[in-house]
Asker: 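Following this message is one structure expressed as structure tokens.
From a predicted model like this one, the values you see are computed outputs, not experimental measurements. Whatever order the structure lists ligands and atoms in, that order sets their numbers, starting from 1. These values consider heavy atoms only, across backbone and side chains, with no hydrogens, waters or symmetry-generated copies.
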Amino acid sequence: MNKNSSNTMALAPNTSNKRETVCIFGTGDFGRALGHKMIQSGYPVVYGSRSTQISNLIPKDAEVLGHTEAAQKAAIIIIAIQRQHYNFLTPLAEVLRGKVLVDISNNLKLNQYPESNAEYLAQLLPGSKVVKAFNTVSAWALQSGTLDASRQVFVCGDDVEAKQMVMNIVRALGLTPLDKGSLLAAQEIENYPLQLFPMWRFPIFLSLGLTAFFFFYCVALDIIYTYIYENKNVSFFIAITIPNRVCPVMALILLALVYLPGIFAAIIQLYRGTKYRRFPDWLDKWMLCRKQLGLIALAFASLHVVFTLVTPMRAFASWRAGKGIISQALNNKTEPLNHTNAWLSDSYLALGILGYFLFVLLGITSLPSVSNNVNWREFRFVQSKLGYLALIFCTAHTLVYGGKWFLSPSAYKWYLPNIYILSLIVPCAVLVVKFVLIFPCVDKPLTQIRQGWERNPKYSK
Ligand code: NAP
């Protein structure tokens, strides 16, 4: 039986004490960290270095030789050297012939070179079998043992056997190899560590833009307007009052934006009468970042909760409450409880609490540790059904908050609507169209289309 068989290694990665020697070219940070981990996993390690002097930094039990001698001792050689130094390998072509070379290198910029580093290495040494691996693991994580978040190791290469050998090592180190195919995938793998929150970029920029817009909108209507027309300085609103207006507005709009692309997708599918045509790029990208939009919305909703809870501690709040009491005392009359207002404020708070509870539930189920433990139907139930319910509660919370002020002229300073009125546009539109989409006469053809039915099939039977 082949002792490198992936199944054997997968089932018993640490049971065999006898492992093949692995050679590492380069005694830099990564070479040392990987060598250390390999020795711990039972691999004899030999370093190929420009200097054969043993230093304290080199893992104990590792041998340090010149490149040629080290390469002769192993079938797998890990090239822990920056790409710009690969030229020194050309004179070693003969000794490296037939060996598996593992390219672990990264670049400083996305698409820095016309070809990937691994393909470049394969061009320099056509007689060797190049495999790309380990570049997404950091030397620090290897050394400190904090690999939990990055257990996945992307592996690609043209030689299947060579790739298997490398994947076996990956498993033996307690990591999970992910086969990405041929060496053509190397460019993509090399770009991974250079990406900066790719899925978060659009949601973050959108949130920043909208937050800035609503913040200055509120500053104009609440502070500047009050100063000009009422000659009152309420600039301290900037600290809590305005953020506590902007946060719920952002939470509601972003939550609606999580469901809006699904509405667009349904309309496009109904219009085209097929699901077999790609959505436009902008819609594809939007759909892919719905989770991020939802999590940012949850962050805004949580801030709104905290800002609301601290309201009674504010000097402005106690001053206003005191003013009300004194005015009643001066007039020697107690204001009767306004039951309509009591109902409105209690319903508004109850809807907010329920909306926030569902919001948190959505956030929790989007965590990989939770979503991995629910099946597809359960996940859809929470994210779609309960998600819409959260949107309904949060929209109702805002509608009840606006309540009787919607038609009051004070809600339209400078003829501009208050921001809670603006915040209702997208969620109300989403809910109205969703309501239409669940009518049987619309839902039935849509379900059929999603099951593969086509109005005008391209390939008729
Ligand atoms: P490094 O600390 O700079 O070490 C590179 C090693 O390359 C040196 O220690 C040296 O080893 C050798 N070297 C330098 N110049 C050379 C030359 N002209 N000719 C031959 N060998 C030369 O770099 P590193 O951080 O270990 O990174 C090594 C590779 O791993 C890079 O391609 C990097 O992109 C990749 N990587 C690093 C990390 C990380 O966390 N550091 C993570 C993923 C991937 P000798 O003195 O022994 O010859």
Asker: Pairs of nitrogen or oxygen atoms closer than 3.5 Å, one from F134 and one from ligand 1: do any exist?
Answerer: no
Asker: Run the numbers for me: atoms of ligand 1, each under 4.0 Å from some heavy atom of G26, listed by number.
Answerer: 11 (O), 47 (O)
Asker: Looking at D222 and R245, does any basic side-chain N land under 4.0 Å from a carboxylate oxygen?
Answerer: yes
Asker: Check each of Q53, Q82, H67 against atom 31 (C) of ligand 1 and report the one with the nearest heavy atom.
Answerer: Q82
Asker: Would you kindly say whether S41 and R19 are connected by a side-chain donor-acceptor distance under 3.5 Å?
Answerer: no
Asker: Measure centre to centre between the rings of F316 and F237, then say whether the value is under 6.0 Å.
Answerer: yes
Asker: Check whether the ring centres of F88 and H67 lie less than 6.0 Å apart, and answer yes or no.
Answerer: yes
Asker: When you check the side-chain N and O atoms of T52 and Y47, is any donor under 3.5 Å from an acceptor?
Answerer: no
Asker: What is the ring orientation for F379 with W376, classed by angle as parallel under 30°, tilted 30 to 60°, or perpendicular over 60°?
Answerer: parallel
Asker: In terms of atom number and element, which parts of ligand 1 are under 4.0 angstrom from non-hydrogen atoms of S105?
Answerer: 32 (O), 34 (O), 35 (C)
Asker: Could you check whether the rings of Y401 and Y348 sit parallel, tilted or perpendicular, using 30° and 60° as the cut-offs?
Answerer: tilted
Asker: If you take the nearest heavy atom of each of F30, Y86, Y47, which one is closest to atom 37 (C) of ligand 1?
Answerer: F30
Asker: Just going by heavy-atom distances, which of N87, I104, L34 is nearest to atom 35 (C) of ligand 1?
Answerer: I104
Asker: So does E190 pair up with K180, basic N to acidic O under 4.0 Å?
Answerer: no
Asker: R50 versus ligand 1: do any nitrogen or oxygen atoms come within less than 3.5 Å of each other?
Answerer: yes
Asker: What protein heavy atom sits nearest atom 25 (O) of ligand 1, and how far away is it?
Answerer: D29 CB, 3.8 Å
Asker: Tell me the contacting part of N107 for ligand 1: side chain, backbone, both, or neither, using a 4.0 Å heavy-atom threshold, strictly below.
Answerer: neither
Asker: Ignoring angles and geometry beyond distance, decide whether I81 reaches within less than 3.5 Å of ligand 1 through its nitrogen or oxygen atoms.
Answerer: yes
Asker: Looking at K132 and E119, is any side-chain nitrogen of the basic one under 4.0 Å from a carboxylate oxygen of the acidic one?
Answerer: no
Asker: What protein heavy atom sits nearest atom 18 (N) of ligand 1, and how far away is it?
Answerer: H85 ND1, 3.3 Å
Asker: Below 4.0 Å from any atom of ligand 1, is there a heavy atom belonging to I79?
Answerer: no
Asker: Around atom 41 (N) of ligand 1, find the nearest protein heavy atom and jot down its residue, atom name and distance.
Answerer: A139 CB, 3.8 Å
Asker: Between T274 and E454, does any side-chain donor sit less than 3.5 Å from a side-chain acceptor?
Answerer: yes
Asker: If I apply the N/O under 3.5 Å rule, does N106 come out as touching ligand 1?
Answerer: yes
Asker: Any donor-acceptor pair under 3.5 Å linking the side chain of N191 with the backbone of N111?
Answerer: yes
Asker: Ignoring angles and geometry beyond distance, decide whether G28 reaches within less than 3.5 Å of ligand 1 through its nitrogen or oxygen atoms.
Answerer: yes
Asker: Does S51 have a heavy atom less than 4.0 Å from any atom of ligand 1?
Answerer: no
Asker: Starting from atom 5 (C) of ligand 1, what is the nearest protein heavy atom, named by residue and atom, and what distance separates them?
Answerer: A80 O, 3.7 Å
Asker: On the 0 to 90° scale, with breaks at 30° and 60°, tag the Y388-Y259 ring pair as parallel, tilted or perpendicular.
Answerer: tilted
Asker: Using a 4.0 Å heavy-atom cut-off, say whether T27 meets ligand 1 through its side chain, its backbone, both or neither.
Answerer: both
Asker: List the closest protein heavy-atom neighbour of atom 42 (C) of ligand 1: residue, atom name, distance to the nearest 0.1 Å.
Answerer: V137 O, 3.2 Å
